[in-house]
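Worksheet: one structure, shown below.
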Amino acid sequence: MKYSTRVKPISYLKSHAAEIASEINQIREPMMITQNGEAKMVLMDVKSYEEHEATFAMLKLLAMGNAEIEQGKFRDAEEVFAELEQDDE
């Protein structure tokens, strides 16, 4: 999606808030709001926001995992599975 096609000034937001809310919820594409010609905020529907947050959380976990691997804070899978097998016996 090109943000350039979904840019509106803050004055448009003030006068068309209900219409914008309905449109964003229907098409599920964010809208950028400008003030004095500068981008100031992005409006998005709640479902898209929740999906974005879930994706961000997953990426954060992956980054944390990679950092632990780089620091040598890991165990070989074979070792873990062997330990689990011993616990079952």
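Counting begins at 1 with the first residue of the sequence.
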Legend entry - Set of side-chain hydrogen bond (donor to acceptor under 3.5 Å, both in side chains) partners for Gln35, sequence neighbours left out: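 Per chain and number, Gln35 pairs via side-chain hydrogen bond (donor to acceptor under 3.5 Å, both in side chains) with no residue.
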Inset, instruction - Could I get the full list of side-chain hydrogen bond (donor to acceptor under 3.5 Å, both in side chains) partners for Tyr49, not counting sequence neighbours? - result: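 Counting only residues at least two positions away or on another chain, Tyr49 forms no side-chain hydrogen bond (donor to acceptor under 3.5 Å, both in side chains).
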Inset, instruction - Ignoring hydrogens and angles, tell me if any N or O in the side chain of Arg6 forms a donor-acceptor pair with the backbone of Glu29 under 3.5 Å. - result: yes
Inset, instruction - Kindly say whether Ser48 contributes a backbone atom to a donor-acceptor pair with the side chain of His52 at under 3.5 angstrom? - result: no
hydrophobic_cluster_shared for [Y] and [X], side chain cutoff 4.5 Å:
| X | Y | value |
| --- | --- | --- |
| Val80 | Phe74 | no |
| Leu13 | Met44 | no |
| Met31 | Ile27 | no |

Legend entry - Lys/Arg N to Asp/Glu carboxylate O, Arg28 vs Glu51, below 4.0 Å: yes
Inset, instruction - Check each of Lys14, Lys8, Lys40 against Ile33 using the side-chain contact (heavy atoms from CB on, under 4.5 Å) test, and report the only one that passes. - result: Lys8
Legend entry - Minimum side-chain heavy-atom gap Lys60-Met64 below 4.5 Å: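 Heavy-atom side-chain distance check passes, below 4.5 Å.
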Inset, instruction - Return the set of residues passing salt bridge (Lys or Arg N to Asp or Glu O under 4.0 Å) with Glu83 (not counting sequence neighbours), or none when no residue passes. - result: Arg75
Legend entry - Reported CG-to-CD distance for the pair Leu84 and Glu79, which is rounded to 0.5 angstrom: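 That separation rounds to 10.5 Å.
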